[in-house]
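Every chain is numbered from 1 and lettered A, B, ... according to where its sequence line falls, protein lines coming before strand lines.
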Number of protein chains: 4
Amino acid sequence: MSSPDAADGADLGLLSPVRAGSAVAQATGDLAFLQAMLDAEAALTRAQARLGLAPAEAAQAVSRAASAGRLDPRGLAERARAGGNPVIPLVADLTAAVGPEHGPYVHRGATSQDILDTALMLVARRAVAVMAGDLDRTAAALARLAAEHRTTPMPGRTLTQHAVPTTFGLKAAGWRSLVLDGRDRLAALVLPAQLGGAAGTLAAFAEFAGPARTGPDGVPATRLVEAFAAETGLAAPVLPWHVLRTPVADLGAALAVATGALGKLAADVLVLSRTEIGEVAEGTGGGSSAMPHKSNPVRATLIASAARQVPALASILFGAMTAEDERPAGAWHAEWQPLREALRLAGGAAEAAAELAAGLVVRPERMRANLDLTHGLIVSERAGIRLADRLGRARSREVLDEASRRTAATGAPLAASLEALDAGGIDTDPAAYLGAAAALVDAALERESTS
Amino acid sequence: MSSPDAADGADLGLLSPVRAGSAVAQATGDLAFLQAMLDAEAALTRAQARLGLAPAEAAQAVSRAASAGRLDPRGLAERARAGGNPVIPLVADLTAAVGPEHGPYVHRGATSQDILDTALMLVARRAVAVMAGDLDRTAAALARLAAEHRTTPMPGRTLTQHAVPTTFGLKAAGWRSLVLDGRDRLAALVLPAQLGGAAGTLAAFAEFAGPARTGPDGVPATRLVEAFAAETGLAAPVLPWHVLRTPVADLGAALAVATGALGKLAADVLVLSRTEIGEVAEGTGGGSSAMPHKSNPVRATLIASAARQVPALASILFGAMTAEDERPAGAWHAEWQPLREALRLAGGAAEAAAELAAGLVVRPERMRANLDLTHGLIVSERAGIRLADRLGRARSREVLDEASRRTAATGAPLAASLEALDAGGIDTDPAAYLGAAAALVDAALERESTS
Amino acid sequence: MSSPDAADGADLGLLSPVRAGSAVAQATGDLAFLQAMLDAEAALTRAQARLGLAPAEAAQAVSRAASAGRLDPRGLAERARAGGNPVIPLVADLTAAVGPEHGPYVHRGATSQDILDTALMLVARRAVAVMAGDLDRTAAALARLAAEHRTTPMPGRTLTQHAVPTTFGLKAAGWRSLVLDGRDRLAALVLPAQLGGAAGTLAAFAEFAGPARTGPDGVPATRLVEAFAAETGLAAPVLPWHVLRTPVADLGAALAVATGALGKLAADVLVLSRTEIGEVAEGTGGGSSAMPHKSNPVRATLIASAARQVPALASILFGAMTAEDERPAGAWHAEWQPLREALRLAGGAAEAAAELAAGLVVRPERMRANLDLTHGLIVSERAGIRLADRLGRARSREVLDEASRRTAATGAPLAASLEALDAGGIDTDPAAYLGAAAALVDAALERESTS
Amino acid sequence: MSSPDAADGADLGLLSPVRAGSAVAQATGDLAFLQAMLDAEAALTRAQARLGLAPAEAAQAVSRAASAGRLDPRGLAERARAGGNPVIPLVADLTAAVGPEHGPYVHRGATSQDILDTALMLVARRAVAVMAGDLDRTAAALARLAAEHRTTPMPGRTLTQHAVPTTFGLKAAGWRSLVLDGRDRLAALVLPAQLGGAAGTLAAFAEFAGPARTGPDGVPATRLVEAFAAETGLAAPVLPWHVLRTPVADLGAALAVATGALGKLAADVLVLSRTEIGEVAEGTGGGSSAMPHKSNPVRATLIASAARQVPALASILFGAMTAEDERPAGAWHAEWQPLREALRLAGGAAEAAAELAAGLVVRPERMRANLDLTHGLIVSERAGIRLADRLGRARSREVLDEASRRTAATGAPLAASLEALDAGGIDTDPAAYLGAAAALVDAALERESTS
């Protein structure tokens, strides 16, 4: 049976399999946002109580009433349209729930943006933590692959063509390095509480407190910001950031970098999984009812789908920094859904990447077979260097070109083609031309995996 | 009470007030997509029955079973993750619902993409129709404003500064012109059904039909495409467009143009609503509990929020045209949610614009007062032209500069300042310098309002 | 020797090889824009002369002086900063060049935006024509490939895995279909001249003409727009479109669709060129000095680089539709460079695509070898359909799964594996399971190649 | 006279006045990139000489020859097309210039990407330094404004409407806070040299050095990376980052944040400069020849134009992280021009912002006049709080609504309207309701201005 919600236009993840059912999707649903807004309201009243600006009983009453399960998210969403944000109807419902005695201490001195922005940060904090865990798991699995395949030779490919050999360990170490970059960007985020009142001056808080408490410069009003931040567990901002949107832009950037990092992993898995290449496979690929032989790299596909979306979402968040006045007419409202979507896509991609990395099947024998596809041409760089020592640059180039032509035409090993041109004795084993791959893996693995 | 859906990460519109509760949001929810996928499945079986490739009873059985209300959208969303798309579990459930006799005629010969793409187009058709209606309503209201205020003078503003006078009618005619552009782009869209089978060759359809029916070149298989399109009411494509994504890119472009058109309307309403300008107001603005004097231009704000998001979503859809192979690993999956979101934002903006245009309060007296703010400097262009006739170009510029300085410094009317410099007799009434505004309004209104 | 221009920050194409030295790059350089602005100025004076609003001699003088070769583009660029656009210094220089007698007829009644927007359209027209020619050439070459390889079998690939066979002709027909879509989008563009005066009312034109000529409704002023458009060869707009930016947004959309179409071609060429796949090659690939065996798909790479940029540039143009007032402070200025860049990237990609399509090397023998890589599993869909007829759905699935497992494990042909399970006699030749591919090619080639 | 360069499609800044003639434009021109590539080549040979892998004379010869003034940037740009990047022809020209003896030490062991990526970082370092200086100058000027106008009252505006008073000092302190955020993001960037050889294994470097020098794990090859980084002054990377594009993505993010920060400043200046508002003006605005009274906020306009472009450019850079293989076919090539353009736009915006901030004219008397526009309604929040103390919440709301209606209708001061309703004695002076504005300014100014 379909739920009544679905009948009314709900989005349950049907069109976004990369995050459907993921932990981060749950942490970023409308109910999670609603609860975060209520948490912000309760934190505000508690902070005021802590400073003697509200009765302790009011704080308790608001905290008790602040349960999303008691409100109607769809109704709030629809009522949000009239004023342009969901906090307005939320405050009405919460005030009613708290009752006449303590109701006046609900949302006291605050503006809608204080609550919604604080909720955005609370939700982001939770989603980022979930995602960071998945990135750590991904990095750990990749570290194991890098160590295990430190010297497993495979073709290095540039512009789709075999270039020179590399190792799968170096590839995995590179993936891990990117994943750690993404995790570090997330770990570096500062997520602040928001409190400023109608236009960011904290005037109403001071007014409610009364002149005796606030003094000429409103010092206690800024203390209220600290108390509020402490209640939420978020950072205390120096200034209200209603229109100073660095925290949101930074989130967009970090999510885009983290998703891009996973996008690289996915792009490589997609290439290496190709039927003709077959060097890796997802542990359990997606099947096809009509084509039982297919084992699709589904996780990589879904990660790739996220990596195609998050950069554009981040661009919306960057653009929203251009926010006029003390509250902009549109730029702020344009942030909410793209930020949520970016959290979901990045988080869903991280969950998929953790599974992908943990289950990745690596096939050294296919790597070796592919290395031999060009009959030694994959080490022509090395042959060129050795020949130049012997014959000089110009002549060596001629010999190598001719040998390469022969090998490409006949399939004869490059060594044989060189031999036939009186240029034998060069080691053309791809596995013997790995450069500093192993040393690079070792160096890369020295980077700490957990932040 | 929160619904169970919400508890599991559902998106009900809380973070997107521009579309919360709108008709287009309802038409694009997960349940609507689910129903569209089922409609596509049923249309396929019916098309096969029409061509004698399936029993009529099977077509009836599938059509009967194809009701979204009987399925579980959340469960399907979560099961979609394994194979990367929701059609795979959907087919399983639908086949089970149809029963063993007719089950083999469910999804017969099709690939997931046939169903999902067809569903995308079915949903888009419905959403676009809703939106086109709102654009027509918006254009009609703007036509009335343009006619009524054909010669109502107001300041023309460039780079934020008063330039020369214009009329509110010309402004409204321009808005309408953009709205009609958006509507025309939507009306020009061709939304095709999708049918190609596993890799776009229609091979399985021919195979199921048997060689006797399909002949060497599979002609009846292409006839099946036509029959399927006819059952869905969508256009019949020449080629399967699994990886020829013009229909989706065109949708993105049309939605971006339409939303940009509304964004212009919103931007102007936001400027003209400013407390200091006050030339227009939304009929019923959004209020503020703490500041009873505020009447926020909420609809314009919400439209502006959509106009900031849709261009980036369209860029994702354009990027997805770069789709490798016969089905890409990620590019296709990256289209679904951005396309839905673009439909919702554009449609929600159109609904808001229809309300905004119908209720817009226009204040000619404020326009007139603002025209006089510069004491005649707003017609200095005209004065310059007239003076140049009289005094020559160089001298006229000197006189005008000096007169402008005097007027700016003292607030004396420009006419008086010119008089004082022996350059009197020039008509400085802003209402007398409207150029071809009225003629332009007339010309613009000749464009048909309904497509 | 480097030129002095380069020393001063010039961009000559060094960082954009996809368009360096292309015809479209030349048509969109600063000098081309400068000339287009001068052409617009000369057209305006001529249009006024045509209506008796300026002496014929003035029109001749302005037309003579309007040569970009006589002006200093770098100096104009730097002087543009003071007023925010290059027309202001341009008019000063042009007026000086025309001399005192006819100088007053330079830019008479116009605003900077009239000239710059008209120049944008003139440049776009030229660039689009160049590009359309390259798209036609590309389509013609692809038509030849489609016809020639109408039944050349190759693996159809979905989510990177072999699915069922297709033909190279069908693939080429699909590419061509996209290229024609792109060309049609370009051909449908309406590129209008711009003329509105300071705030879009044409007031100064009427004022210069005098009341006797313009009448109460300024009819002749709108006739001037028609005359101006005729002189430029551009379309005559109904309204000045200073802030009605559909023409620019439409350009962005068409360029994004056309580039996306080429991006699909490039993506497939990149896949099919891979060392392990080798089904196509660019006629003359890019070489590597150190690795003589490499033949990089350079044109496809450059096209792909353009397809990654144009969608984001189009998003800027869509966003610029949200343009406040009668001239926006920033949105207009944000269009110029992204529009130029989009023209260049799309045009450079089209030039590269024409070369790529004309020279593409197709290797049917590699396609055939790849078809056999899975030992018949690529036609398991067909086997499943045939077996189901014989054994029923459930049993046939069991048999096929078991046969597939055997073939995948042992490399035995699928036919043999089926035989061993008493399910022999099924045609597993990939070349015999092409569905309607040939018929689809024929249908697709009926679409006209030249618009 | 136009230069020959211009005739061939050069971009000299004509379409991008925000950066035309700026220091950052000069630092990012093709000649600057060319020189940076040559610097990278010279650094590589010197690094090899330092480790005994090349003769000191070769290092000197390459360093001497590595002068962009001796090469032809346009010719290189056009020759870049064949191989897809400009390093290939550059190496040929440089090798020829160095001569036969030392030529073999040019580009020894390197790949094109080593040189181009290192050049990108060298150019970015220079551009970022220029930009950081302008941001510091901007911040310093804003600090002075914030201190001077710490308590200068002005209307706080939300959703375009007057909300409650704020101070201009708080506004300026907020702008400065964003500018410092942008500068901090730039300062935190790590810009690494690039060195990896054909596929990132450093194999050719080891091969040239010979087995005796490199040992089993190629340790000296990694030492070469350090030596190379030291010669360039860039950071030494742990891994070659050919396909680990965090440095480029981070650049994109930092430039987008910095430009967004300036975009906020510009957006506010544009609002506050409006003819009707007039609270600030650019010191020397852009003029209009036809309308001498106009003083356009040109710098803010140009900054706004940059802020509309950089987010989309950053999205291209984020997307390019998804780079397949050891060198991607397109993703890498798609970075160069958007990165350059983002540097130019951000840098040009910073230069404009420094001028804007230094010359901004502030008009406290207009702020005061605007505060009084609503006759006291701007402090209705305060009145509501005070009345609620006195009359209870419900009754106070009624009284305030009624008083607000009277004041809005009649223009009578709010104090009088309240008095008439027996609710007098409330301080409705906007200047007396500034909350913690001054304290917030003080707190914000404690943040260090220079990084």
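In this structure, the portions of C:L244 lying under 4.5 Å from any heavy atom of chain B include both its backbone and its side chain. With a 4.5 Å cut-off on non-hydrogen atoms, C:P104 touches chain B through its backbone and its side chain both. Using a 4.5 Å cut-off between heavy atoms, B:R108 does not touch chain C at all. Interface remark: B:P240 contributes side-chain atoms only to the contact with chain C (heavy atom separation under 4.5 Å). When heavy atoms are compared at a cutoff of 4.5 Å, C:V243 approaches chain B by way of both its backbone and its side chain. Interface remark: C:S177 contributes side-chain atoms only to the contact with chain B (heavy atom separation under 4.5 Å). For a residue to count as touching a neighbouring chain, one of its non-hydrogen atoms must lie under 4.5 Å from one of that chain's; by this rule C:R447 does not touch chain B. If you measure heavy-atom distances from B:V257 to chain C, the contacts under 4.5 Å come from both the backbone and the side chain.
With values rounded to the nearest 0.5 angstrom, B:L313 atom CG is found 11.5 Å from C:F318 atom CZ. Atom CD1 of residue B:I385 and atom CZ of residue C:F205 lie 9.5 Å apart, to the nearest 0.5 angstrom. Atom CZ of B:R245 sits about 10.5 Å away from atom CG of C:L178, to the nearest 0.5 Å.
The nearest pair of heavy atoms linking C:D268 to B:D325 is OD1-N, 2.7 Å. Considering every non-hydrogen atom in both C:L159 and B:A329, the closest pair reads CD2-CA, 3.8 Å. Here the shortest heavy-atom pairing between C:V106 and B:R393 reads O-NH2, 4.3 Å.
The candidate with the highest count of non-hydrogen atom pairs below 4.5 Å against chain B, out of C:V225, C:T151, C:T246, is C:T246. Here B:D181 is the residue among B:V441, B:D181, B:T259 with the most heavy-atom pairs under 4.5 Å with chain C. Among the candidates C:A261, C:G174, C:A249, C:P100, the residue making the largest number of heavy-atom pairs closer than 4.5 Å to chain B is C:G174. For the options C:A312, C:A266, C:A256, heavy-atom pairs under 4.5 Å to chain B are most numerous at C:A256.
Looking at C:K264, its side chain does come within 3.5 Å of a backbone N or O of B:A323 through a donor-acceptor pair.
Using a 4.0 Å cut-off between charged nitrogen and carboxylate oxygen, C:E326 and B:R157 do not count as a salt-bridge pair. The existence of a salt bridge linking C:E207 and B:R386 is confirmed by a sub-4.0 Å separation between a basic side-chain nitrogen and an acidic carboxylate oxygen.
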